There are 4 protein chains.
Amino acid sequence: MIRVSIIGVTSYTGLELLRMLALHPEFVVTSVTARSAVGKRLDEVFPQLAAVGYPGRQDRPAVDPALIVTEEPEQSDLAFVCLPHAAAAESVLKLLERGVKVVDLSADFRLRDVHVYEEWYKHTHPAPALLETAVYGLCERYRERLHDTSLVANPGCHVTAAVLGLIPAFANNLIEPDVIVDSKTGISGAGRSLALQNHFAEANEGADAYGLSGHRHMPEIKQELEAAASDAGYPIPNGLRITFVPHRIPMTRGILSTSYTNLRINADGRAPTTDEVRAIYKQYYAGEPFVHVANQPPQTKWTYASNHCFVYPIVDTRTNRLIVVSCLDNLVKGAAGQAIQCANLVYGFPETMGIAGVGVNP
Amino acid sequence: MIRVSIIGVTSYTGLELLRMLALHPEFVVTSVTARSAVGKRLDEVFPQLAAVGYPGRQDRPAVDPALIVTEEPEQSDLAFVCLPHAAAAESVLKLLERGVKVVDLSADFRLRDVHVYEEWYKHTHPAPALLETAVYGLCERYRERLHDTSLVANPGCHVTAAVLGLIPAFANNLIEPDVIVDSKTGISGAGRSLALQNHFAEANEGADAYGLSGHRHMPEIKQELEAAASDAGYPIPNGLRITFVPHRIPMTRGILSTSYTNLRINADGRAPTTDEVRAIYKQYYAGEPFVHVANQPPQTKWTYASNHCFVYPIVDTRTNRLIVVSCLDNLVKGAAGQAIQCANLVYGFPETMGIAGVGVNP
Amino acid sequence: MIRVSIIGVTSYTGLELLRMLALHPEFVVTSVTARSAVGKRLDEVFPQLAAVGYPGRQDRPAVDPALIVTEEPEQSDLAFVCLPHAAAAESVLKLLERGVKVVDLSADFRLRDVHVYEEWYKHTHPAPALLETAVYGLCERYRERLHDTSLVANPGCHVTAAVLGLIPAFANNLIEPDVIVDSKTGISGAGRSLALQNHFAEANEGADAYGLSGHRHMPEIKQELEAAASDAGYPIPNGLRITFVPHRIPMTRGILSTSYTNLRINADGRAPTTDEVRAIYKQYYAGEPFVHVANQPPQTKWTYASNHCFVYPIVDTRTNRLIVVSCLDNLVKGAAGQAIQCANLVYGFPETMGIAGVGVNP
Amino acid sequence: MIRVSIIGVTSYTGLELLRMLALHPEFVVTSVTARSAVGKRLDEVFPQLAAVGYPGRQDRPAVDPALIVTEEPEQSDLAFVCLPHAAAAESVLKLLERGVKVVDLSADFRLRDVHVYEEWYKHTHPAPALLETAVYGLCERYRERLHDTSLVANPGCHVTAAVLGLIPAFANNLIEPDVIVDSKTGISGAGRSLALQNHFAEANEGADAYGLSGHRHMPEIKQELEAAASDAGYPIPNGLRITFVPHRIPMTRGILSTSYTNLRINADGRAPTTDEVRAIYKQYYAGEPFVHVANQPPQTKWTYASNHCFVYPIVDTRTNRLIVVSCLDNLVKGAAGQAIQCANLVYGFPETMGIAGVGVNP
């Protein structure tokens with residue numbers, strides 16, 4: 001059994017890790033930390049976890065509701081870091097020094113260019129050298145590199161949705177390097193901290209845009225799409241022109257990304273059709289356990305509480321635009337589920353282990 | 001007092017008209033029709049209307065809960081037609097023949113080009129000549145023409161949000177004739193009829209895109225933006241290139257439109273700044289009772305159950321795109337409220353009469 | 001015009017007063033206070049209020065979006081106090097000294113017995129003498145006393161729903177003095193302050209009971225039901241036996257109270273029937289502008305954003321229990337609307353002035 | 001592997017069975033029926049199921065998305081029947097004749113007294129003899145009898161919540177035989193069929209009571225509580241006096257039951273305290289994998305998409321009432337999850353097999 005710590009367990013990603021790891025056959029959570037809850041039992045912090053540790057259970061629970069939250073983690077084999085950026089990097093450094101493998105759910109190791117990081121996150125990166133060795137945890141792209149790495153940078157939620165939706169187009173040189181990503185997210189994306197805009201009475205029955213002067217997930221999307229194009233032999237010399245606008249909508253979980261791009265004219269002197277694009281997408285994602293090319297516009301709910309992502313490309317024949325709708329659960333494929341998927345790959349376990357469930361519907 | 005009939009009263013727009021007209025000092029509802037509810041009292045169809053007609057009330061109720069739903073309307077001065085397209089046109093013709101002024105909430109008289117209408121609505125228009133005389137009920141644009149017209153074509157809900165958001169940019173030649181409108185709507189936009197996708201358990205906690213192969217509000221947006229540009233002296237010779245994608249999100253009311261455009265370079269050889277654009281928008285909407293340029297990204301909830309529309313333009317300086325967020329209540333400014341605003345103008349009443357309330361918050 | 005101040009304007013009741021007073025023809029808001037927002041314009045605190053003060057409006061706005069929030073109120077004729085208990089009483093005392101009439105939306109003057117107050121609110125009442133002169137603002141009961149009073153104690157939200165549902169039964173000696181009130185409230189009932197349980201992601205898709213060891217609305221319900229019985233000639237010698245359990249359910253507004261009681265056997269040696277009870281209820285509320293005996297189980301939504309209350313009594317013939325379902329909007333008839341209704345009565349205006357609208361549906 | 005058919009697969013209980021069985025190691029779904037979807041693939045009916053059958057998956061999927069819906073079931077070892085009552089009984093009879101074991105999720109075999117069944121369901125029972133042999137599928141009560149039975153009557157959703165909340169009190173003679181159950185349910189409880197009251201725009205932001213003149217879950221609660229009392233040696237000679245009122249609240253899943261009872265005076269001449277009652281409850285449910293005595297009022301969300309039930313008893317010391325709050329997911333412990341729990345017991349598998357997950361939060 002792999003001993004796992006969760007650093008920052010009182011967050012929504014921490015809770016989601018607990019829920020999912022409770023059913024994982026190879027990981028066992030042995031240490032949980034959170035400054036705000038030191039000394040409490042896990043089931044005091046999250047009462048529903050009382051349900052995990054019943055007597056008579058035949059499979060030993062991977063999550064023990066009686067586990068005490070501490071300030072510093074106990075030694076473990078693997079740690080999931082669920083801290084805000086900056087705090088995360090500090091924690092990661094300490095863990096790596098102690099020989100712990102780390103999946104970092106913050107943004108601290110996602111951007112490979114330290115200058116971009118410092119421009120967007122407004123502080124000096126404490127370990128720029130690690131940016132090169134950290135593996136970006138988009139399993140569909142970096143599966144091989146993830147095996148046996150000691151530091152995984154788990155992707156952002158909007159990023160995962162947008163990038164999975166657009167990679168096949170860039171990897172097949174279908175579109176111009178100019179994209180608009182209009183992304184809609186449920187309120188859990190804002191985390192568990194208190195803010196007026198997250199108050200039920202404020203968020204319910206309302207929708208708005210945010211991050212309009214620049215959102216930190218934008219450079220991350222840009223980095224990954226440029227890398228995908230480049231790795232496929234279609235580099236973007238002047239960089240991708242990209243506009244990304246996230247929106248808050250009144251639901252708990254889920255991200256729906258709608259991306260707008262311009263199709264390139266192909267060798268026949270015309271833009272590809274929806275059928276041709278779909279065939280390319282299906283080919284690209286053939287064999288992927290968690291990314292599915294949908295036959296109809298997908299609903300975020302298809303992915304609720306699951307690690308799946310649905311992608312739906314369609315050509316707007318009046319404008320030769322390629323529109324791609326993609327969706328996932330921000331806390332699972334957009335955070336905790338993808339983190340476990342990465343950890344499975346790090347340890348060479350089957351990629352779907354413990355996270356194979358389908359979306360909760362209705 | 002102006003005698004009003006509501007044709008198709010069991011719809012959500014019919015109900016919203018009843019709610020708003022109940023407080024209107026000049027209109028009195030004297031006839032309501034609906035095939036599915038013939039012979040019923042209004043407060044049997046909508047029990048909450050029992051609250052309108054209490055004894056001792058000093059202001060005579062403009063809506064009588066004891067009114068009986070009929071199949072054919074009684075004679076009146078004005079009719080609001082809340083029928084599906086095609087059925088609406090038939091009803092409108094009969095009403096006009098009887099000398100009744102009509103505000104038609106369907107799409108039947110919105111598109112001025114009969115070919116466009118027939119391409120998108122797939123049936124022969126019964127009265128193409130009326131397309132020229134009908135006045136499009138976007139009050140902020142056609143205020144003068146509305147006075148004393150006998151047929152108003154009330155705009156579509158997505159259309160009102162998108163067009164109010166983009167008109168100042170086109171009227172001031174700020175942007176290229178190429179726009180993407182990503183619109184999000186609450187579920188009441190689908191009407192009161194039953195469909196699996198409107199079931200609470202299906203719609204709640206889910207979001208999806210629809211109309212991806214072409215939605216009927218697109219040609220309407222195109223028509224109005226081209227007209228606005230043209231009327232302002234900036235005609236679009238090859239027509240507007242436009243992509244419009246509506247999305248369903250889990251709320252009852254509200255539309256949030258996010259429009260993406262490319263700024264033109266101005267005489268100084270640069271794109272205008274957000275401040276410059278905002279000044280132009282504020283100027284354009286100065287004096288408008290129902291359209292407001294917001295100082296921060298607006299939330300649909302600001303407009304809940306009100307006739308107001310908030311518009312928020314911002315420049316994406318990295319791409320020189322102009323992004324405009326606009327929002328309104330699809331049943332009010334997007335339907336019944338705008339219809340009453342039109343009717344106020346038709347009769348020369350103050351434009352805000354009976355519809356001056358602000359949004360319901362929280 | 002009556003000059004009005006709102007003390008504690010940043011609360012949900014403060015906001016709701018602004019929304020409703022904006023359409024009131026006799027009250028004009030001239031002063032607003034809130035410690036947390038001193039120096040801000042009203043439309044900075046609540047951006048949607050920008051919609052109130054447009055140029056060209058013919059009816060002078062009763063609420064000016066440019067009004068500056070202050071720490072202490074300016075002199076006015078009337079004040080609505082929207083502060084937490086204890087703070088409210090202090091403010092009320094100062095206002096009364098300055099000759100201002102007060103409608104207090106807190107609990108400070110609701111309980112006529114100072115010992116009960118101090119038992120439940122755990123602090124010494126600063127002005128016990130005022131408890132006798134304050135008029136409890138349940139208009140349907142104390143209409144006459146409200147005229148010309150200088151201090152109104154606006155009832156609690158759960159209390160209004162429960163008491164309006166049960167008064168006709170006690171006033172007609174229909175039931176035993178033993179009731180269970182199971183009440184369900186939307187999240188705005190918790191106010192605008194931040195707490196984890198009000199976070200959208202926590203409250204959405206969840207329901208729970210609270211106040212199980214005793215909720216402060218219980219003694220208030222008890223007081224009013226005992227008074228109603230007593231005033232009708234059916235005093236309850238040993239006091240009412242009552243259990244009251246409030247529940248949080250995932251909606252913004254609305255209270256639904258379900259009350260369970262045991263019918264008395266009447267002179268015929270049997271319990272009254274539903275029809276008989278309903279006739280008594282209809283008689284009791286005949287002529288009431290805001291309380292309606294429904295013909296079917298009412299939905300909270302019938303009352304959304306309105307000052308109406310629907311009451312539905314039914315006999316459970318298997319047990320001879322009388323069940324009464326009653327509902328209202330906690331922020332309107334349960335707070336701000338009722339406060340304005342009281343103020344109308346204080347000044348001798350028509351009781352429905354400015355608050356006559358019906359519920360917003362859908 | 002046990003071959004399983006699902007009869008009436010297009011229902012919400014059918015879908016939930018698919019979701020849960022997809023992770024079950026011993027059951028494999030080999031046949032699915034639904035009159036409305038004959039000839040369709042499972043992933044056409046429920047597109048999210050496309051995610052189940054990916055290539056390379058190491059554990060063979062228990063649910064194949066390519067399975068074709070048929071009108072009549074293929075031969076299998078076990079069938080879950082998800083049909084409306086009456087239709088269910090017919091289907092059950094045929095299945096039993098073919099030697100198939102059956103878990104019936106309808107009400108057809110829940111009531112042991114055929115007269116009670118016929119009074120409440122208004123039709124002649126086709127197989128009254130089976131009422132005696134069918135085992136009521138409340139595992140916590142009938143665990144032993146479930147082993148090897150051929151017909152399980154899966155309990156109703158409200159019933160499971162109420163009965164699990166009250167059984168320990170009756171089994172320990174704590175309370176008088178007189179209870180009020182006020183139950184709140186999410187909208188999925190109404191099933192997947194279309195009705196105006198289930199329309200998102202009607203149900204959202206609204207709450208109401210239903211079944212006020214008598215709901216079919218009442219006799220079922222009565223039967224089970226009387227049986228529990230009797231089996232524990234405390235029979236109720238004149239039968240239980242019970243009032244049951246269900247309420248619809250705007251959430252997708254979840255039942256919250258609040259039960260009100262009167263405590264008996266114990267041998268010490270006083271009512272038991274909360275601590276004493278809680279100790280008795282903890283004792284009663286010690287060792288139960290799915291029923292937990294909570295330390296604070298439980299929220300339905302604790303149980304979201306899980307098979308767990310939380311129970312919270314508290315004494316109202318002012319009235320000597322015992323109040324019990326209990327909650328569960330109506331589609332899991334209230335339907336599909338409990339059905340699988342029963343099937344596990346029928347086959348002698350570990351009771352938690354395939355259904356051990358904890359609630360999805362947030």
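Every chain is numbered from 1, with letters handed out A, B, ... down the list of sequences. Keep in mind the model is a prediction, meaning the values are calculated, not measured.
Neither the backbone nor the side chain of B/His199 comes within less than 4.5 Å of any heavy atom of chain A. Proximity to chain A (any heavy atom under 4.5 Å) is restricted, for B/Ala203, to the backbone atoms N, CA, C and O. Both the backbone and the side chain of B/Pro250 come within less than 4.5 Å of a heavy atom of chain A. Looking at B/Ile242, the atoms closer than 4.5 Å to chain A (heavy atoms on both sides) all sit in the backbone: N, CA, C or O. Proximity to chain A is absent for every atom of B/Tyr210, based on heavy atoms less than 4.5 angstrom apart.
Across B/Gly206, B/Ala207, B/Ala201, the residue that shares the most heavy-atom pairs under 4.5 angstrom with chain A is B/Ala207. The candidate from B/Asn204, B/Thr274, B/Thr300, B/Ile323 with the greatest count of non-hydrogen atom pairs under 4.5 Å with chain A is B/Thr300. Taking A/Val315, A/Val245, A/Asp316, A/Thr243 one by one and counting their heavy-atom pairs under 4.5 Å with chain B, the maximum is reached by A/Thr243. Taking A/Thr303, A/Thr317, A/Val325, A/Thr252 one by one and counting their heavy-atom pairs under 4.5 Å with chain B, the maximum is reached by A/Thr252.
Here the CG atom belonging to B/Asp182 is positioned 3.0 Å from the CG atom belonging to A/Asp182, to the nearest 0.5 angstrom. Here the CZ atom belonging to A/Arg248 is positioned 12.0 Å from the CD1 atom belonging to B/Ile249, to the nearest 0.5 angstrom. One distance of note links CD of B/Glu202 with CG of A/Asn361; it measures 7.0 Å at 0.5 Å rounding. Put simply, CG on B/Leu212 and CD1 on A/Ile314 are 5.0 Å apart, with the number rounded to the nearest 0.5 Å. Put simply, CD1 on B/Ile180 and OG1 on A/Thr319 are 7.5 Å apart, with the number rounded to the nearest 0.5 Å. For the atom pair NE2 (A/His247) and CD (B/Gln299), the distance works out to 12.5 Å, reported to the nearest 0.5 Å.
A/Pro297 and B/Ala209 get closest at one heavy-atom pair: CB-O, 3.4 Å. Shown here for B/Val179 and A/Arg321, the closest heavy-atom pair between the two residues is O-NH1, 3.9 Å.
In this structure, the side chain of A/Lys301 does not engage the main chain of B/Asp208 through any donor-acceptor pair within 3.5 Å.
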Kindly indicate, with the supporting measurements, whether the criterion side-chain contact (heavy atoms from CB on, under 4.5 Å) is fulfilled by B/Lys184 and A/Thr258. CA-CA 11 Å; B/Lys184 298 92 183 160; A/Thr258 314; over 6 Å; no
Dump the intermediate steps for side-chain contact (heavy atoms from CB on, under 4.5 Å) on A/Met218 and B/Arg318, then the final yes or no. CA-CA 11 Å; A/Met218 189 276 274; B/Arg318 288 173 200 88; 3.5 Å; yes
